[in-house]
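These notes are about the structure you will find just below.
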Amino acid sequence: MNRISCAKGENYDLAELKKAVALHFDRLGIQIPPDAHVVLKPNLIMRADPQRAATTHPALVEAVAAHLREMGVQRITLADSPGGLYTPSLLKALYETTGMAQAARNQGVALNLECGSRTLRAETGELCKEFEIIDPVAQADFVISLCKLKTHCMTTLSCGVKNLFGCVPGLLKPQLHYRFPNGEQFARMLIDLSQLIRPGLTIVDGVEGMEGDGPTGGHRRPIGCTLAANGADLYALDLAAASIIGLGPDQVPTLAEAVRRGLCPSRVEQVEVDGDPLPRIPDFQMPATKLLDFTGNMPGPLATLVRALRPWLTPHPKVRADDCIGCGRCAQSCPVQTIAMEGGKAVIHPQRCIHCFCCHEMCPQRAIDIKTSPIFRFMSRG
């Protein structure tokens with residue numbers, strides 16, 4: 001039976017987080033040799049203050065590093081590749097803003113500033129047979145993934161599986177979006193990637209999560225726990241995290257794919273939870289892109305009309321020109337290069353848009369909204 005650990009946590013008090021981390025390691029039987037090179041892989045999607053809840057909180061990272069030190073582990077590196085360019089100067093700024101630099105200093109953890117990568121063969125990949133992976137992860141003896149529980153405009157849920165997308169360097173991520181623009185295909189690619197990386201331990205920062213138009217444009221929402229799983233139970237961990245915010249596996253493409261491959265149970269009741277019971281957060285706000293398909297309940301002619309109009313009804317990104325600062329991060333991250341900088345402002349030319357919402361995800365000003373048709377907003381209320 002799949003097994004995970006859950007520990008209550010109402011705030012980011014370091015002493016309490018250290019206790020929770022120790023419980024997770026003990027319950028899951030995590031043993032790491034002192035001479036192992038351990039890589040901590042948090043979610044550092046962009047330069048954002050921890051209070052924004054877009055990134056893994058530095059207190060959790062410090063608590064994990066402190067526990068590794070108590071285990072005698074000497075070599076610990078923190079590494080991630082955020083969206084956009086992957087350069088030493090940008091990584092330095094990222095670490096400082098997200099609080100990772102101070103957490104690393106407190107525990108003597110090395111911050112990765114090398115921007116090399118290598119191609120690894122995904123032997124079990126069904127859709128994607130090889131990936132370019134950042135060197136620290138590719139060379140690690142043991143990877144600990146420290147993800148954030150968030151909604152996501154493309155994958156619905158950002159948690160353990162989605163966090164591993166940060167193992168792909170910089171601007172190679174938009175290339176994968178371009179290769180796999182369909183949500184189902186993108187999920188299959190992410191499962192292939194997760195099978196390649198296979199973190200030895202995944203810990204979910206669910207003390208505070210993000211709801212709404214995540215993974216960066218939503219709102220902070222208290223959840224009140226950390227979760228952890230060993231190795232192959234990564235998918236059961238995501239299933240449990242999804243259930244906390246009211247999602248089933250059929251609503252999360254990566255979970256649906258994991259269930260199809262036999263990597264994940266189809267019901268959260270099949271997951272053994274050690275420790276505290278899973279919380280349940282009512283009315284957790286979903287992304288604007290995830291409005292339900294009501295056509296199955298419509299009369300035939302109306303359903304046919306709605307399907308025909310779907311290209312015009314599909315949620316799409318829209319720039320608020322007054323708030324755009326002209327930084328170009330959206331254009332840089334666009335897989336199909338359909339965003340231009342005109343008059344110092346970003347302009348999205350919709351003809352080629354693949355609705356991956358990378359622009360919305362990477363905008364530091366939250367100046368890109370997800371626009372939905374008023375028809376579907378009306379039907380979602382009904």
Side-chain angles (χ1 to χ4, degrees), residues 44-48 52 54-55 80-94 97 115 117 132 150-156 158 162 165-166 168-183 185-186 189-190 210 212-218 287-291 309-377:
L44 303 181
I45 187 170
M46 67 189 309
R47 279 182 284 174
R52 184 165 164 179
T55 55
D80 192 17
S81 173
L85 295 174
Y86 184 48
T87 67
S89 61
L90 291 176
L91 284 175
K92 285 181 181 179
L94 177 80
T97 305
C115 296
S117 63
E132 194 76 9
K150 302 183 288 185
T151 51
H152 194 286
C153 283
M154 186 177 186
T155 61
T156 311
S158 178
K162 183 61 175 65
F165 198 42
V168 175
L171 295 178
L172 293 184
K173 295 186 191 70
Q175 290 187 25
L176 288 171
H177 275 287
Y178 184 71
R179 286 175 61 192
F180 308 111
N182 174 274
Q185 286 187 325
F186 193 75
M189 178 275 295
L190 288 175
M210 178 176 283
D213 289 336
T216 62
T289 53
K290 301 303 173 185
L291 293 176
L309 293 175
R310 182 157 290 157
W312 291 271
L313 300 176
T314 300
H316 59 278
K318 184 175 178 58
V319 178
R320 296 194 313 277
D322 288 346
D323 295 322
C324 176
I325 61 173
C327 67
R329 292 290 299 278
C330 56
Q332 183 185 87
S333 65
C334 180
V336 291
Q337 298 181 336
T338 193
I339 303 176
M341 303 306 298
E342 300 176 5
K345 301 288 184 179
V347 176
I348 300 174
H349 297 280
Q351 296 83 356
R352 297 179 60 206
C353 180
I354 62 173
H355 306 98
C356 66
F357 306 106
C358 288
C359 56
H360 170 266
E361 183 175 312
M362 294 312 302
C363 178
Q365 298 298 111
R366 302 190 195 182
I368 299 179
D369 296 324
I370 304 298
K371 292 295 184 179
T372 57
S373 167
I375 295 175
F376 279 94
R377 287 199 296 270

Under the side chain to side chain donor-acceptor pair (under 3.5 Å) test, residues paired with [X] that sit two or more places apart:
X      : value
Lys162 : none
Asp80  : Lys41
Ser333 : none
Arg179 : none

Looking at [X] and [Y], would you say the former's side chain and the latter's main chain have a donor-acceptor pair under 3.5 Å?
X      : Y     : answer
Lys150 : Ala54 : yes
Thr97  : Ala48 : no
Arg47  : Leu90 : no

Enter the distance from [X]:[atom1] to [Y]:[atom2] here, rounded to the nearest 0.5 Å.
X      : Y      : atom1 : atom2 : result
Glu132 : Leu176 : CD    : CG    : 10.5 Å
Leu172 : Ser117 : CG    : OG    : 6.5 Å
Phe165 : Leu190 : CZ    : CG    : 6.5 Å
Thr55  : Ile45  : OG1   : CD1   : 9.5 Å

List the atom pairs, donor and acceptor, that lie under 3.5 Å between side-chain atoms in residues 358-367 and the rest of the protein, sequence neighbours left out.
residue, atom, partner, partner atom, Å
Glu361, OE1, His152, NE2, 3.3
Arg366, NH1, Gly218, O, 3.4

What are the two closest non-hydrogen atoms of [X] and [Y], and how far apart are they?
X      : Y      : result
Met46  : Thr216 : SD-CG2, 3.4 Å
Cys324 : Val319 : CB-CG1, 4.0 Å
Ala331 : Met341 : CB-SD, 4.4 Å

> Should the ring pair Phe186 and His177 be called parallel, tilted or perpendicular, given that the plane angle runs from 0 to 90° and is split at 30 and 60?
Replying inline: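 The rings of Phe186 and His177 lie parallel, inter-plane angle below 30°.
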Do [X] and [Y] have side chains that get closer than 4.5 Å, going by heavy atoms?
X      : Y      : value
Ile370 : Cys153 : yes
Tyr86  : Leu171 : no
Cys115 : Pro169 : no
Cys356 : Pro335 : yes

>> The test is side chain to side chain contact (heavy atoms under 4.5 Å, CB included); show your working for Phe357 and Asp213 and say whether it passes.
In response: CA-CA 10 Å; Phe357 306 106; Asp213 289 336; over 6 Å; no
>> According to side-chain hydrogen bond (donor to acceptor under 3.5 Å, both in side chains), does anything in residues 337-349 pair up with another residue at least two apart or in another chain? List the pairs.
In response: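 Qualifying pairs, neighbours excluded: Glu342-His349.
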